[in-house]
Amino acid sequence: MEYNFREIEAKWISFWKSNKSYKVSEDSSKQKYYVLDMFPYPSGAGLHVGHPLGYIASDVLARYKKLEGYNVLHPMGYDSFGLPAEQYAIQTGQHPAITTDKNIERYRNQLDQLGFCYDWDRELRTSSPDYYKWTQWIFKQLFDCYYDERLNKAVRISALVSEFEISGNQNVQATNDCESVFSSKDWMSFDAAKKEATLQQYRLAYLADSWVNWCPELGTVLANDEIVNGKSERGGHPVMQKKMRQWSMRIKAYAERLLKDLDHLDWTDSIKEQQRNWIGKSVGCSVLFEVESHTESIEVFTTRPDTIFGVSFMVLAPEHPLVKEITTNENRTAVLDYQRAASKKTERDRQSDVKTISGQNTGAFVIHPLSGEKIQIWIADYVLASYGTGAVMAVPCGDQRDFDFAKYFDIEIKNIFDNIDVSEAAHIEKWGTLKDSSFLNGLEVVAAIKKVIQILEAKSLGKGTTNYRLRDAVFSRQRYWGEPFPIFYQENIPKTVSDENLPIELPKVDSYLPTQQGEPPLARADKSSWNYFAGDRMEYNTMPGWAGSSWYFLRYMDPSNEVEFVSKEKSDYWNQVDLYIGGAEHATGHLLYSRFWTKFLFDQGYISFDEPFKKLINQGMILGKSSFVYRLLDRNTFVSKGKIQGKETQPIHVDISLVENNKLDLDGFKKWRPDYSDASFVLEDNGDYVCGEEVEKMSKSKFNVETPDDLIQKYGADTLRLYEMFLGPIEQSKPWDTKGISGVHNFLRKCWRLYCNADGSSILKENEPTKDELKTLHKTIKRIREDLDRYSLNTCVSTFMIAVNAFTDYKCNNKVVLESFLILLAPYAPHFCEELWMKSGQKEGSLFEASYPNYDEKHLVEDSFDYPISFNGKMRFKVNLSLSLNREEILKEVEGLELTKKWLDGKNPKKIIVVPGKIVNIVL
RNA sequence: GCUCGAGUGGUGGAAUUGGUAGACACGCCGGACUUAAAAUCCUGUGCUCUUUGGGGCGUGCGGGUUCAAGUCCCGCCUCGAGUACCA
């Protein structure tokens, strides 16, 4: 009987299911290993061949670790809140939960076919109330905490309130937005609303008016990482700036820890670098500039305080709150016009406009804090309101943007660098000696920075500070299909819902659109539609997509706990994710937010680790390979690729299911589309129609989408698993091409024949294994173990092939050898190996209860080696010599050879290098 | 512009600390089996010259270090990803 993958795969999938083979529980006698896939958003399109790449890799490694004796946690679930289901709901009126369930079912079927060893009893869905109850609960904890910069961790807000009561906020060192200083007496005099408003400036989850990225098409705000090239990541709609009252997360408080702890993570440099850039730490100094004839000062942030004597003007962001106050009457109209124009610009406009210089003089002046000079104040949109203080001291001789601005508006450019020419461009490098800079004259950059900060601090005019580009994360969305907040309002004061009333479930609404007043869809729900209602109204916003995914890896550890989000005992056992596999597109979103929440939960003592993912692998994208046919212009004739030269043809995408190895199935093609039914062809000389090909992203319109379903039908899941791994290194993007799949399939069939007769009966014998058989086996064990340990999954497949080729050559049918080999192969081809394991007489249970073989050095010992003999580094011939020979003996053997004499050509070698077991190099 | 990757046969890729470049597979050429095809098996396959013994050239390009470089160093080029007025 030939290898019948359909029957075998169906059989073992149902075996595993009915035996709950992949159920895991905490077991302190075993070492744990946690392998996690980034869980998918269940879209309507189902999985294409790119999706399973990471899942297969994690499954191989999970099964390997299991066979090695680890207790492996390998769960799967769904990130099931999201925009597509809601957009569909808006169009059709169907509740997004229904669409989502349907899509999940489809995903599950596809995942099941691939033979993954997930413990499905741990499945979770972020949109299920059992789950989002705890997302809401975590939100409450964030709401109830602030960040204490002395303890360098999150602390309960009640501690802060006590401090306010005793001594006000003057000694508090916390990450906050509070600009006023108040005493304990002040605090006591605040009414409830004022107290809460003040606390909001400290809470880690807080409500504030902030500039947000508003997407009118989607009717919601978006986080920075949800915007790609100035357009919404989902849908590609325009995005504009708008000031709105929004929930935010004070992630800034964690900036330094998020940055510093990257060093210990086993992630790729590229992801770490992206996070570093996103956090964007810059060390510098804040300086106060007093506004002339006003009481206010303007605070600027600069990384180059050493250039302070080069300041020629000040620039404020157009949105800066002081602009209104300081603008002189003569300039008022022009300034207002400029502000209006700037506010209309979308982020995208600002980006594409980088080269246009614009700005407006306010007519006001600041006094230079050290020289006492009068300095003009401008506004310009190259200064961003949301970074630093929204104001810069412009030093044209040391900053190119300031330089360009000064040139454009004809402002004086002072040169404070000795012997450096700044007539053409600013000197932006961080070196040089200062001049015309009072007490900084003659100093180099680093020394000058140190000195000027010292002096500014002594005079209370400035302070050494650190700035981060990372902004607090906007946490509310004006959408329906997301977690409701555990918040209600009483007289406009936000209050949290008590734990026993969680979860706040999504209420029924009559439509998923905003209300006529522009309120989010939840505002449509009347009082009785909420499962809990308190105060004057519930919060109408919902949480963003990243809420549920920021902690899901914790819930898998204890998925049905009804009293805690995860028990301490279980999170202590499973601990960090040992291996996390997923796409690199989450570099600054999900991966940063998960780290933030993990650190917070650690600070509060709920878990005992402060980084979620120890090792991260980013799987590359699988690209589609499109096929083309070439149609003669205006005719229904298609020309094979080899014959198109000299003809005017138009390439047309053709469905890749009609093409195999670039050869077109002509009958299928004629049936594909009605207008091709009477097509004629110009064929190659051998009668084939050869198609052209191109690598592109997979998409329906290019007819190049490969679903795993078709391939599993044709070759089986084991072949697909092996093939996806065989394609190349997991991290690399690569084109999908089914050309090679038959090779992998043939490998399995060839392997099958080692174990079975044509009638399907086992041909394994309990004879003595030969030396060669043992050598091949143990060499294979060694290589596979080494490769799996360094996540080199593609080279393992080659190693399997080499072994099977060798066993076939040896006509090996030794039971011990071939059974060991089955265990090696099993993580890649689980159904296949289970079947052969059973056939070989292992009646009881599953192969995965066996243990992974170890290699024995003694079988690997070679007694001779084909020494490459090279002359001047070029290999000329080989000679087989015993490995027991030492350097001198090898030399003697080699010198005596005829071939050596030939290549020496009568010359005396200058030098001979002998590396035993490796190479001989003769230098002439 | 800046940051980070990557460039190896016709194709996907291998070469783990510098030591036989091209493993393994696809594709292709030729052969066996077959009435024929499919399947299977065998042989060859980096380019190039050749008197068929073998020779020359070869890991994006140009230098360098070394007995020896795909691998290390310097300078370029190309492609991909991320980011973008961050003071």
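Small disclaimer: the values here were computed from a predicted structure and weren't measured. First the proteins, then the strands, lettered A, B, ... as listed; each starts at 1.
Set against B/G82, B/U40, B/A87, the side chain of A/Gln274 has B/G82 as its closest nucleotide.
Among the atoms of the strands shown, none is found under 4.0 Å from any heavy atom of A/Asp402. Counting any heavy atom pair closer than 4.0 Å across all strands shown, A/Trp267 reaches no nucleic acid atom.
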Give the B/S/- string for nucleotides 7-24 of chain B, one per nucleotide from 5' to 3', where a protein heavy atom under 4.0 Å of the base yields B, of only the sugar-phosphate yields S, and otherwise -. -----BSSSB--BB--BB
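For the side-chain contact (heavy atoms from CB on, under 4.5 Å) with A/Val797, the lone residue among A/Tyr828, A/Phe747, A/Tyr723 that qualifies is A/Tyr828.
Of the side-chain N and O atoms in A/Asn277, none sit less than 4.0 angstrom from OP1 or OP2 of B/C4. In terms of phosphate contacts, A/Arg469 brings no side-chain nitrogen or oxygen within less than 4.0 Å of OP1 or OP2 of B/A87. Contact annotation: A/Arg753 reaches the phosphate of B/C41 (side-chain N/O to OP1 or OP2, under 4.0 Å).
Rounded to an integer number of Å, the gap from A/Lys910 NZ to B/C67 P is 11 Å.
For RNA chain B, the neighbouring residues in residues 280-289 of chain A, judged by any heavy atom under 4.0 Å, are A/Ser282.
By the 6.0 Å contact criterion, NZ on A/Lys901 is enclosed, its count of non-hydrogen atoms from other residues, nucleotides or ligands being greater than 12.
Between A/Glu786 and A/Arg790 there is no salt bridge, since no side-chain nitrogen of the basic residue lies less than 4.0 Å from a carboxylate oxygen of the acidic one.
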